[in-house]
Amino acid sequence: MSDQQKTAPGPAGEAVRSIDPAQVSKHFDAPEAEARWDAEWQASGVYRWDPARAREETYVVDTPPPTASGSLHIGHVFSYTQADVMVRFKRMLGMNIFYPMGWDDNGLPTERRVQNYYHVRCDPNTPYEAGLEVEEATAKVRKKPARLVSRPNFIEICYGLINEDEDHFRALWRRLGLSVDWDQEYQTIDDHCRRTAQLSFLDLWQKGRVYSSEAPTMWDVDFQTAVAQAEAEDRPMPGAYHHIEFAVEGSDDSFVIATTRPELLAACVGVTAHPDDDRYKKFFGSQAITPLFKAPVPIFPSELADPEKGTGVLMVCTFGDATDVQWWREQSLALRQVVGRNGRMLPVEFGTDGFPSHDPAQANGYYAELEGKNVKQAQKRIVELLAEPEGSATGGGPPLRSDPEPIEHPVKFYERGERPLEHLPTRQWFARLMDHKDALLAKGEEVDWYPPFMHARFRDWTENLSLDWCLSRQRYFGVPIPVWYPLDAAGEPDYENPIIAEASALPVDPTVDIPPGHEASGRGEPGGFVGDPDVFDTWFTSSLSPQISSHWGDDPARHAKLFPADVRPQGHDIIRTWAFYTIAKAFLHEDTIPWKNAMISGWILDPDRKKMSKSKGKTMTPLPLLEKYSADAGRYWAASARLGSDTVFDEKVWGIGKRLVTKIFNAGKFVLAQTGETHSISVELDRAFVAKLAELAASSRREFEVYNYAHSLQETETFFWTHFTDTYLELVKARARKHADGATGSDLVESASAVASLRLGLSVLLRLFAPVLPYITEEIWSWSFAEETGHPSIHQAPWPGQADFAAVAPPEDASSFDLAVAAHAAINKAKADAEVSMGREVEKLTLLAGAETLERLGPVLGDVVDAARCLSHTTEVREELEMGVFVIEDAVFAPKPEKKPSGA
RNA sequence: GGGCGUGUAGCUCAGUUGGUUAGAGCAUCUCGUUUACACCGAGAGGGUCCGCGGUUCGAAUCCGUGCACGCCCACCA
């Protein structure tokens, strides 16, 4: 405000002049302005949510909590800006914005970082140690085994490291100008979030929507944890069909199965073929005998067997894949577990109930060759064994009937894993989803998806869902499952009767806290209890982000005001996880949707159109770019991309944004330096300009309403550059200056009209740009409009609309503006053709156009010739020229003015 | 195997309900210093709107079909 200066009031009206251009810096210092405005916005609370205002006036954002231990990535700038642009638009519509920021800090990435940094391992069986201190591990310390710490200690250690990472993110968000309410901050591992997640579990337990079960579950042998369907992905992998001969018990018949997993032969519990397959029909109901292990297994028909695939007959193992699980359940087959949790072959004994064999001695001999090997090693060895004739079940030569036939096939992996998933029977907690697929699909219909085609991703995933949600993870840094199990007299847990924590006690850690009705001394003792050592899937917590913000379960009044939220911004890669689980949770808890709108951002792509890789992303960190081009320029880049479309990274666009910021700065400086008086906007050209401006504001608003901020930006930018600075401003420049030159009478009124419409144009354009360019628009707003309008921040000023334009009488014919633009361009072209500067005076020229064109141009012709510095002009009718077309003839340009001697 | 998206100037992208001669920025070339701005302005060149077929007075746009690229989903024998 220090550079603001007003001239003394004139006689005809209140004087208007906002700045003395000599006192405004020559260039816009973006880094300085960014720091200054960020501090100002925090201090004045422009982005603060007002809990007193009504729900209808409130716009609730379900902000994505970034993974705190992840690195800052240019993609963050992209998607978070797109959300912020929409939020700023809603704020200018007068909405009371609830825009929180969370940090997703529980889960594997943090766990691994902490383990490496401090060289510690979490062990739920280690007692809690108050005041435990750790420091960054030295090379020497790293050579020793990792220090074991209790889970609460581990969580404490994580906090320290996370806070540093979060500081980096927070600094980026502030620099970027995200209009977040920093009073509404949470960490997914904090007490409130752990409590909310555990309350969610309690509620689902009471509703009968969670259960624990010992069942085959997808298991990662490296992380040694269960994995949910959403975290599994198919990867094409090389494999091979192995053709192996089985005998049929009580006959001389045999058949050959094809398998890609011969190492699971010892786990074979059945054989199946399609019921209509004539080759194998005769065997249904008989027993097959496996080679090497001589185990009798049932042969049964199944529609799921494909006669075209392999040999049409296949072995069922516990468990080679999801179909094996299905057959195992449907046919009540035996369980023969040969792969352990660490991915190695377990010790088993043939000749026992679990592992029948017609020749236990031989079977155990073969199996001894496999025991302890990992799956890959075991496969190699068993193929060698199968190539020997001694193992045959039929006595007719080697069971391996031909060389392995290489194929490529999809194999399921944990998304962050390196070895294929195994299906292992383990005890896990699940949420029932399979019973509710139709309801979940219906909820998906209730949400408005932007862009709409993203809804298909949700629908595809939900329709194809094949498993209940596995909630438990055998990890440490997460939210503990708030459950204990009574121990019977033999010290065995009674899983059927778990002890669920009481709501008032949450958050709890059952490995430390004592269940209701027990004493600490009972832990691990017969007749006592044991705590569930597992934690929740991190999505179990993050899928509650709307409820975390609304304080569901703790503050019903706040919950009613903030839930369901209005918008969920997120990336399309996590529709199947975050969006899906959030919808699922809202349904399971309250039979509602979690938010009304989902706005789905695209990705940043490398020049080869692949998702920008981690390694490349690290070299492309946002801060140097923000430093080089400014935050507004980065936001311009992000807001230039349509919502949902993947975009190739193009640094040039940052440069265009920077150029726009500079232009706005200069245009603002010029407009606010004009002196004038408060007369109404009366001149034809000015009224036509305002009419165009009103159209732009209306169109911009329509586009924003459907999340089409990119289109709004483009329209506003084109208008600003083409119509405002390049044309309108040039056309009225001379007239506007007349006031300063001491104009009187109608000259004064016309000059004031120009100044007033320039100011209106600037005010409207600044506001249309404000969601995308918060810094430069706020800067210029502060020079004059802040005080004049009574809105200290442009970000709380109203979106341009009727109130801005009502006082200006619309022209009879707004096309006069376009004609002025065209005539101005025609003279420019004449000057360019003559290779004289645009500022050169024109002694005379003749303007040719159609009669109607000239007639409609009439009221604005004076501004056109003034802007062109035309000393005299004539017009002539040329009927052959189409409407709006101008031709310049007989132009005579004044001689180039003599250069002033330097220093004069 | 099913689905979604994309394909427009050298590059990155707009293009509304079908409507004159298809647009912008960058890049290229020419010209110009004009007290808001050289961090600028004026002008020019540059297109088989992926191919083919259809509807229509008229198609970048609608329909059909094929191709290329990207993504999502799918029971791994």
Partner residues of Met883(A) under the side-chain contact (heavy atoms from CB on, under 4.5 Å) criterion, sequence neighbours left out: Leu819(A), Glu852(A), Thr853(A), Arg856(A)
Gap in Å between the two C1' atoms, one belonging to C13(B) and one to G47(B), rounded: 15 Å
Residue mapping more 5' on RNA chain B - nearest nucleotide basis, Glu308(A) or Met454(A): Met454(A)
Sugar-phosphate only, base, or nothing, as touched by Gln326(A) at under 4.0 Å among non-hydrogen atoms: nothing
Any Lys896(A) side-chain nitrogen or oxygen under 4.0 Å from OP1 or OP2 of U33(B): yes
Rounded distance (Å) that lies between atom C1' of A74(B) and atom CG of Asp460(A): 10 Å
Under-4.0 Å side-chain N/O to phosphate OP1/OP2 contact, Gln229(A) with C73(B): no
C1' gap between G45(B) and C50(B), integer Å: 25 Å
Donor/acceptor link under 3.5 angstrom from Glu730(A) side chain onto base of A36(B): yes
Any Arg869(A) side-chain N or O less than 4.0 Å from OP1/OP2 of U34(B): no
Whole-angstrom distance between G23(B) and C29(B), as gauged at atom P: 24 Å
OP1 or OP2 of A27(B) under 4.0 Å from side-chain N/O of Lys652(A): no
Distance-only donor-acceptor check, side chains Ser302(A) and Trp327(A), under 3.5 Å: yes
Whole-Å P distance, A74(B) and U65(B): 26 Å
Electrostatic pair Glu715(A)-Arg702(A), nearest N-O below 4.0 angstrom: no
Phosphate OP1/OP2 of G41(B): any Arg840(A) side-chain N/O under 4.0 Å: no
Side-chain N or O of Lys309(A) closer than 4.0 Å to phosphate OP1/OP2 of C75(B): no
Sugar-phosphate, base or nothing in reach of Thr725(A), heavy atoms under 4.0 Å: base
Plane angle bin for Trp783(A) and Phe665(A) - parallel if under 30°, tilted between 30 and 60°, otherwise perpendicular: perpendicular
Student check: side-chain heavy atoms of Phe458(A) and Val447(A) closer than 4.5 Å: no
Salt-bridge criterion met for Lys692(A) and Asp818(A) (N-O under 4.0 Å): yes
Separation between the P atoms of U30(B) and A36(B), rounded to whole Å: 29 Å
Any Arg659(A) side-chain nitrogen or oxygen under 4.0 Å from OP1 or OP2 of G41(B): yes
Sugar-phosphate, base or nothing in reach of Thr662(A), heavy atoms under 4.0 Å: base
Sugar-phosphate only, base, or nothing, as touched by His423(A) at under 4.0 Å among non-hydrogen atoms: base
Touch class at under 4.0 angstrom, heavy-atom based, for Ala667(A) against every strand present: base
Short side-chain N/O contact to G25(B) OP1/OP2 from Trp721(A), under 4.0 Å: no
Residue mapping more 5' on RNA chain B - nearest nucleotide basis, Val411(A) or Val885(A): Val885(A)
Sugar-phosphate only, base, or nothing, as touched by Tyr241(A) at under 4.0 Å among non-hydrogen atoms: sugar-phosphate
side-chain N/O Lys412(A) vs C73(B) OP1/OP2, d < 4.0 Å: no
Inter-nucleotide C1' distance (U48(B), C57(B)), Å rounded: 23 Å
Sugar-phosphate only, base, or nothing, as touched by Ile257(A) at under 4.0 Å among non-hydrogen atoms: nothing
Touch class at under 4.0 angstrom, heavy-atom based, for Lys658(A) against every strand present: nothing
